[in-house]
Visitor: 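Below you'll find the structure I mean.
We count ligands from 1, going down the list as the structure has it; atoms in each ligand are counted the same way. These numbers come from the heavy atoms of this one structure, side chains and all, not from hydrogens, waters or symmetry mates.
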Amino acid sequence: MKDAIVIIPTYNEIENIEAIIKAVFSQNKEFHILVVDDNSPDLTALKVKELQKDFQDKLFLLQRKTKTGLGSAYIDAFKWCLEKEYEYIFEMDADFSHNPEDLIKLYNACHLEKADVAIGSRYIQGVNVVNWPMSRILLSYFASKYVRFITRMKIEDTTAGFVCYNRKVLEAINLDKIEFIGYAFQIEMKFKAYLKKFNIVEVPVIFTDRKKGKSKMSGSIISEAIFGVIKMKIKSFFN
Ligand SMILES: Nc1nc2c(ncn2[C@@H]2O[C@H](COP(=O)(O)OP(=O)(O)OP(=O)(O)O)[C@@H](O)[C@H]2O)c(=O)[nH]1
Ligand SMILES: [Mg+2]
């Protein structure tokens with residue numbers, strides 16, 4: 001069994017990719033990285049291939065032909081990591097919103113404190129978001145409250161994208177049945193883990209808005225989440 005791998009999904013992250021990879025590899029603890037790129041027109045994947053020469057056997061690249069959404073990119077990446085026998089599988093954005101120095105905190109929560117899922121949480125101690133416009137903070141904060149209300153999960157940051165999973169959680173969830181592609185994907189993963197009674201903990205982190213590159217947030221992602229959460233809850237009564 002291999003130890004820990006960080007999945008970094010990318011779509012047009014040429015301005016961030018080299019720096020984020022180097023930041024992860026400069027941590028005291030060794031993490032491997034799997035970049036999952038959706039054929040970014042800015043050639044993010046080519047940059048990763050160049051860097052692979054310097055980081056052999058620990059930097060990996062999964063190239064997909066088209067942009068079919070964050071959720072499906074993660075599903076493909078999870079399957080890859082399970083097959084390669086990693087024990088701790090992380091989700092992290094490429095845009096430095098998630099601080100690579102916090103990886104170790106999530107790792108310790110799972111490895112030392114035996115959590116099954118550790119969430120890098122923005123809302124466990126107040127609202128730890130830097131440089132987001134107020135509208136975005138309110139959207140995210142109330143989205144989290146809304147999801148908590150509908151699903152009854154005891155999680156403050158249900159949409160968080162900075163997560164460490166013990167592999168057994170990903171093995172227990174039927175990855176082919178994950179339906180959502182945008183933000184709702186993050187909610188659905190947590191909800192499935194919650195329904196299976198895994199031990200989910202939240203670790204406080206500070207989230208910083210991206211400084212470089214463009215956000216892929218959109219209206220359709222938001223509406224998917226609003227209606228999707230209700231649908232997901234109703235479906236859970238029948239399973
Ligand atoms: N492979 C892949 N990666 C994606 C896709 N959409 C977004 N990403 C990546 O997922 C991560 C999060 O996307 P962001 O654009 O930062 O979206 P966000 O963090 O929800 O929104 P912001 O806070 O506005 O940045 C980044 O590393 C993106 O490059 C996609 O369709 N496919
Ligand atoms: Mg982002």
Visitor: Give the atoms of ligand 1, by number and element, whose distance to some non-hydrogen atom of Arg136 is under 4.0 Å.
Guide: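 The atoms of ligand 1 under 4.0 Å from a heavy atom of Arg136 are 21 (O), 22 (P), 23 (O), 24 (O).
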Visitor: Start with the C-alpha distance between Asp38 and Lys67, add both sets of side-chain angles, then the distance that settles salt bridge (Lys or Arg N to Asp or Glu O under 4.0 Å), and finish with yes or no.
Guide: CA-CA 5 Å; Asp38 283 6; Lys67 185 176 187 314; 6.0 Å; no
Visitor: Distance to 0.1 Å, residue and atom name: give those for the protein heavy atom nearest to atom 1 (N) of ligand 1.
Guide: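 Sorting protein heavy atoms by distance from atom 1 (N) of ligand 1 puts Val36 O, 3.1 Å first.
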Visitor: Counting non-hydrogen protein atoms only, what is the nearest one to atom 32 (N) of ligand 1? Give residue, atom name and distance.
Guide: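 Ranked first by proximity to atom 32 (N) of ligand 1 is Asp38 OD2, 2.7 Å.
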Visitor: How far is atom 20 (O) of ligand 1 from its nearest protein heavy atom, and which residue and atom name does that atom have?
Guide: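 Ranking protein heavy atoms by distance from atom 20 (O) of ligand 1, first comes Tyr183 OH, 3.0 Å.
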Visitor: What atoms in ligand 1 come closer than 4.0 Å to a heavy atom of Glu13?
Guide: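 The atoms of ligand 1 under 4.0 Å from a heavy atom of Glu13 are 26 (C), 27 (O), 28 (C), 29 (O).
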Visitor: Is a donor on one side and an acceptor on the other found under 3.5 Å between the side chain of Ser140 and the backbone of Arg136?
Guide: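 Not confirmed, Ser140 side chain does not pair with Arg136 backbone.
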Visitor: Identify the residue among Trp132, Tyr141, Phe162 that makes a ring-ring contact (aromatic ring centres under 6.0 Å, His included) with Phe207.
Guide: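 That would be Trp132; it is the only one of Trp132, Tyr141, Phe162 passing the ring-ring contact (aromatic ring centres under 6.0 Å, His included) with Phe207.
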Visitor: Within the structure, is a non-hydrogen atom of Ser97 found at a distance of less than 4.0 Å from ligand 1?
Guide: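 Ser97: no contact with ligand 1 (<4.0 Å).
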Visitor: Just give me the atom name: the N, O or S atom of Asp95 closest to the Mg ion (ligand 2).
Guide: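 That would be atom OD2.
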Visitor: For atom 6 (N) of ligand 1, what is the nearest protein heavy atom, given as residue, atom name and distance?
Guide: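 That would be Lys67 NZ, 3.8 Å.
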Visitor: May I ask you to check whether Thr44 and Tyr11 show a side-chain donor-acceptor distance below 3.5 Å?
Guide: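 Tyr11 and Thr44 do not have a side-chain donor-acceptor pair below 3.5 Å.
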Visitor: Would you check the N or O atoms of Ala94, main chain and side chain alike, for any that come under 3.5 Å of an N or O of ligand 1?
Guide: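 So ligand 1 has an N or O lying under 3.5 Å from an N or O of Ala94.
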Visitor: Should Glu188 and Lys231 count as an ion pair when the cut-off is N to O under 4.0 Å?
Guide: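 Not counted as a salt bridge, because no side-chain N and carboxylate O are separated by less than 4.0 Å.
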Visitor: Taking distance alone, with no angle check, do Thr10 and ligand 1 share an N/O pair under 3.5 Å?
Guide: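 Checking ligand 1 against Thr10, an N or O pair does fall under 3.5 Å apart.
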Visitor: Which ligand 1 atoms, with their elements, are less than 4.0 angstrom from a heavy-atom of Trp132?
Guide: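 Within the 4.0 Å cut-off of Trp132, ligand 1 contributes 23 (O).
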Visitor: Is it true that the side chains of Asn131 and Thr208 contain a donor and an acceptor less than 3.5 Å apart?
Guide: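 Their side chains do not contain a donor-acceptor pair, so the 3.5 Å distance test is not met.
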Visitor: Suppose I only count heavy atoms of Asp95 and a 4.0 Å limit; which atoms of ligand 1 are within that range?
Guide: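 Selected atoms, number and element: 16 (O), 19 (O), 25 (O).
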Visitor: Would you check if there is a donor-acceptor pair between the side chains of Arg122 and Ser97 at a distance under 3.5 Å?
Guide: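 No donor-acceptor contact under 3.5 Å links the two side chains.
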Visitor: Judging by distance only, is a nitrogen or oxygen of Thr68 under 3.5 angstrom from one on ligand 1?
Guide: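 The answer is no, given that Thr68 and ligand 1 share no N or O pair closer than 3.5 Å.
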Visitor: Can you list the ligand 1 atoms lying under 4.0 Å from a non-hydrogen atom of Asp93?
Guide: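 Taking each heavy atom of Asp93 in turn, ligand 1 has 11 (C), 12 (C), 19 (O), 27 (O) under 4.0 Å.
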Visitor: Strictly under 2.8 Å, is any N, O or S atom of Asp93 next to the Mg ion (ligand 2)?
Guide: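 Short answer: no, not a single N, O or S atom is under the cut-off.
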Visitor: By number and element, which atoms of ligand 1 are closer than 4.0 Å to a non-hydrogen atom of Ala73?
Guide: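 That gives atoms 1 (N) of ligand 1.
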Visitor: Atom 24 (O) of ligand 1: which protein heavy atom is closest, and how many Å away?
Guide: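 So the nearest neighbour among protein heavy atoms is Ser215 OG, 2.5 Å.
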Visitor: Could you tell me whether Arg167 and Glu85 have a side-chain N and a carboxylate O separated by less than 4.0 Å?
Guide: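 Between Glu85 and Arg167 there is no salt bridge, as every charged N stays at least 4.0 Å from the carboxylate O atoms.
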Visitor: If you measure every N or O of Pro9 against every N or O of ligand 1, does any of those distances drop under 3.5 Å?
Guide: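 Yes; the residue has a nitrogen or oxygen that sits under 3.5 Å from a nitrogen or oxygen of the ligand.
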Visitor: In the protein, what heavy atom is nearest to atom 15 (O) of ligand 1, and what distance, to one decimal place, separates them?
Guide: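 Of the protein heavy atoms, Lys216 N, 2.8 Å lies nearest.
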Visitor: Before we go on, tell me: are the rings of Phe31 and Phe90 under 6.0 Å apart, centre to centre?
Guide: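 Ring centres of Phe90 and Phe31 closer than 6.0 Å.
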Visitor: Closest by any non-hydrogen atom to atom 13 (O) of ligand 1: pick that one out of Arg210, Lys214, Gln63.
Guide: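 Minimum heavy-atom distance to atom 13 (O) of ligand 1 goes to Arg210.
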Visitor: Closest non-hydrogen protein atom to atom 10 (O) of ligand 1, residue and atom name please, with distance?
Guide: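 Ranked first by proximity to atom 10 (O) of ligand 1 is Leu70 CD1, 3.3 Å.
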Visitor: Would you kindly check if the NZ (Lys) or CZ (Arg) of Lys212 is within the cone defined by 45 degrees around the ring axis of Phe96 and under 6.0 Å from the six-membered ring centre?
Guide: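 No, cation not above the ring by the 6.0 Å, 45° rule.
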Visitor: Does either side chain, that of Gln63 or that of Lys49, offer a donor lying less than 3.5 Å from an acceptor on the other one?
Guide: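 There is such a pair (donor and acceptor under 3.5 Å, judged by atom type) between the side chains of Gln63 and Lys49.
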Visitor: Under 6.0 Å between the ring centres of Phe198 and Tyr194?
Guide: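 No, ring centres 6.0 Å or more apart.
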Visitor: Which of parallel (below 30°), tilted (30 to 60°) and perpendicular (above 60°) describes Tyr88 and Tyr107?
Guide: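 Judged by the thresholds at 30° and 60°, the geometry between Tyr88 and Tyr107 is perpendicular.
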